Amino acid sequence: MKKKILSVAAAAACAISLAACGGSTSETTPAETTTAATAAEAEDSKADEGAGEETSAEETSAEAGEAEAAGGQLVMATNAEFPPYEYHDSSMTGPDGSDIVGIDAEIAGAIAENLGLELVIEDIAFDSIIPELQSGKADIGAAGMTVTEDRLLKVDFSDTYATAVQVIIVTEDSEIAGPDDLAGKLIGVQQGTTGDIYATDDFGDENIERYPKGVDAVQALTQGKVDAVIIDNEPAKIFVGDNDGLKLLDAAYAEEEYALAVKKGNTELLDQVNQAIQELKESGKLDEIVDKYITAD
Ligand code: ARG
């Protein structure tokens, strides 16, 4: 059984040179053009500094970024079913004033603060996050989202801020000891995640059970409806801790990197996000956020 290791170098190369990955920055749908133009016009009328130049396609997308800033909000799309990165906790108040907390929520909160914007968190299905960015309804996707070559064709990714591993959860009495034993078994995954994508690729669609939330897949495992769950290591640890009779296999299934996503071509916002991530890394604030949610084991 092949073990998938995402080539981060390749993904980074895609980010730098889209042509190398078969993507094209000039693929603008009519809807996108309208959104960008409207946003740029809104910006023009609101805060025209009197530059008075013709807008090139590039400037239009930069101005669309500014228009978001002018609106005063940074809309983060996420799927808050993924502790410790994003989840609901009614005993806490998240950076947007809701009960959504976690590493991504706090990173986005710090970025918004940096940009002088109010953070608004939208909790949606994981596989709706990229469409939401593409349509311009959300500014950033922050969801423990793995950088993959396929996703790089649809959105732009920031610098990475975490590494992760896709792991396998089984019941304590399971005979499954590693990825090779998964052939022919029923595997539970969260719909649209890399666990879903890789497992479908490796073991075939008929062996995959997709659930709206990772925790639903884990629930199905405890009820004997699936034989294993493939999911990211940090939520996996929490789900295994919350449920009796489950264990995490040592053998990793795949390694990956998380980054924030923005609409393809929104280089202004992407630069701002990268700068904020850099500052969070250098100041030690990122480590602080991670330490708050993940206790070293
Ligand atoms: N890292 C995996 C992926 O990018 C899973 C992320 C799931 N995130 C979430 N907030 N539910 O596909």
Side-chain angles (χ1 to χ4, degrees), residues 4-8 11 14-15 75-89 94-96 98-109 119 121-134 138 140-169 187-202 208-219 229-239 242 248 252-262 289-290 293-294:
K4 294 245 170 58
I5 304 290
L6 171 77
S7 164
V8 175
C14 290
V75 179
M76 158 181 160
T78 195
N79 169 250
E81 302 294 343
F82 197 70
Y85 285 91
E86 46 268 330
Y87 57 103
H88 293 268
D89 184 338
D96 75 335
S98 74
D99 70 344
I100 298 175
V101 296
I103 294 169
D104 289 329
E106 295 216 16
I107 289 175
L119 183 70
I121 301 180
E122 255 186 34
D123 181 17
I124 57 178
F126 182 74
D127 53 6
S128 297
I129 297 172
I130 287 179
E132 202 81 349
L133 294 170
Q134 289 178 307
I140 58 167
M145 196 183 277
T146 303
V147 180
T148 71
E149 289 176 27
D150 274 354
R151 289 175 183 165
L152 274 165
L153 300 176
K154 300 175 188 156
V155 287
D156 288 337
F157 279 104
S158 72
D159 297 335
T160 59
Y161 63 89
T163 53
V165 185
Q166 291 294 315
V167 293
I168 302 164
I169 308 176
I187 304 165
V189 295
Q190 182 182 17
Q191 163 118 4
T193 59
T194 44
D196 178 5
I197 296 160
Y198 300 162
T200 303
D201 226 32
D202 283 345
I208 308 302
E209 282 294 329
R210 301 183 178 85
Y211 297 89
K213 308 172 185 177
V215 74
D216 296 341
V218 173
Q219 198 64 36
V229 168
I230 295 180
I231 192 164
D232 305 49
N233 54 328
E234 290 301 338
K237 282 194 240 164
I238 292 172
F239 296 151
D242 287 349
L248 254 177
Y253 178 57
E255 288 168 23
E256 33 186 49
E257 302 239 25
Y258 292 166
L260 303 180
V262 302
I289 294 172
V290 171
Y293 289 95
I294 301 177

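Fair warning: this is a prediction, and the values are worked out from it, not measured in the lab. For ligands, and for the atoms within them, numbers begin at 1 and follow the listed sequence.
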Of the listed options Arg151, Glu256, Glu81, closest to atom 4 (O) of ligand 1 (non-hydrogen atoms) | Arg151

Check Leu248, Ile169, Val167 against Val229 for a side chain to side chain contact (heavy atoms under 4.5 Å, CB included) and give me the one that passes.
-> Ile169

Nearest to atom 11 (N) of ligand 1, what protein heavy atom do you find, and at what distance?
-> Asn79 OD1, 2.8 Å

Backbone or side-chain N or O of Thr78 under 3.5 Å from ligand 1 N or O | no

Give the atoms of ligand 1, by number and element, whose distance to some non-hydrogen atom of Met145 is under 4.0 Å.
-> 4 (O)

Here the atoms of ligand 1 under 4.0 Å from any heavy atom belonging to Tyr258 are 1 (N)

Backbone or side chain, does any N or O of Glu86 fall under 3.5 Å from an N or O of ligand 1?
-> yes

Which residue, Ile129, Thr78, Asn79, forms the side chain to side chain contact (heavy atoms under 4.5 Å, CB included) with Ile124?
-> Ile129

Heavy-atom contacts with Thr193 under 4.0 Å: which atoms of ligand 1 show up? List them by number with element.
-> 5 (C), 7 (C), 12 (O)

Examine the proximity of ligand 1 to Asp232 and report which part, side chain or backbone, both or neither, has a heavy atom under 4.0 Å away.
-> side chain

How far is atom 8 (N) of ligand 1 from its nearest protein heavy atom, and which residue and atom is that?
-> Ala143 O, 2.8 Å

Is the shortest heavy-atom distance from the side chain of Gln166 to the side chain of Asp232 under 4.5 Å?
-> yes

What part of Tyr85 sits under 4.0 Å from ligand 1 if we count only heavy atoms: the side chain, the backbone, both or neither?
-> neither

Could a heavy atom of Gly144 be found less than 4.0 Å from some atom of ligand 1?
-> yes

Would you please test Ile130 and Met145 for side-chain contact (heavy atoms from CB on, under 4.5 Å) and show each step?
-> CA-CA 10 Å; Ile130 287 179; Met145 196 183 277; 4.2 Å; yes

Considering only heavy atoms of Gln190, which atoms of ligand 1 have at least one such atom less than 4.0 Å away?
-> 7 (C), 11 (N)

Can we call the ring centroids of Tyr258 and Tyr85 under 6.0 Å apart?
-> yes

Mind telling me whether Tyr87 and Tyr293 have parallel, tilted or perpendicular rings, with 30° and 60° as the class edges?
-> perpendicular

Hey, is ligand 1 close enough to Gly192 that some N/O pair sits below 3.5 Å?
-> no

Worked check of side-chain contact (heavy atoms from CB on, under 4.5 Å) between Val75 and Glu132 = CA-CA 10 Å; Val75 179; Glu132 202 81 349; over 6 Å; no

Does any donor atom in the side chain of Thr200 or Arg210 lie under 3.5 Å from an acceptor atom in the other side chain?
-> yes

For residues Asp96 and Ser98, is any side-chain donor paired with an opposing acceptor at under 3.5 Å?
-> yes

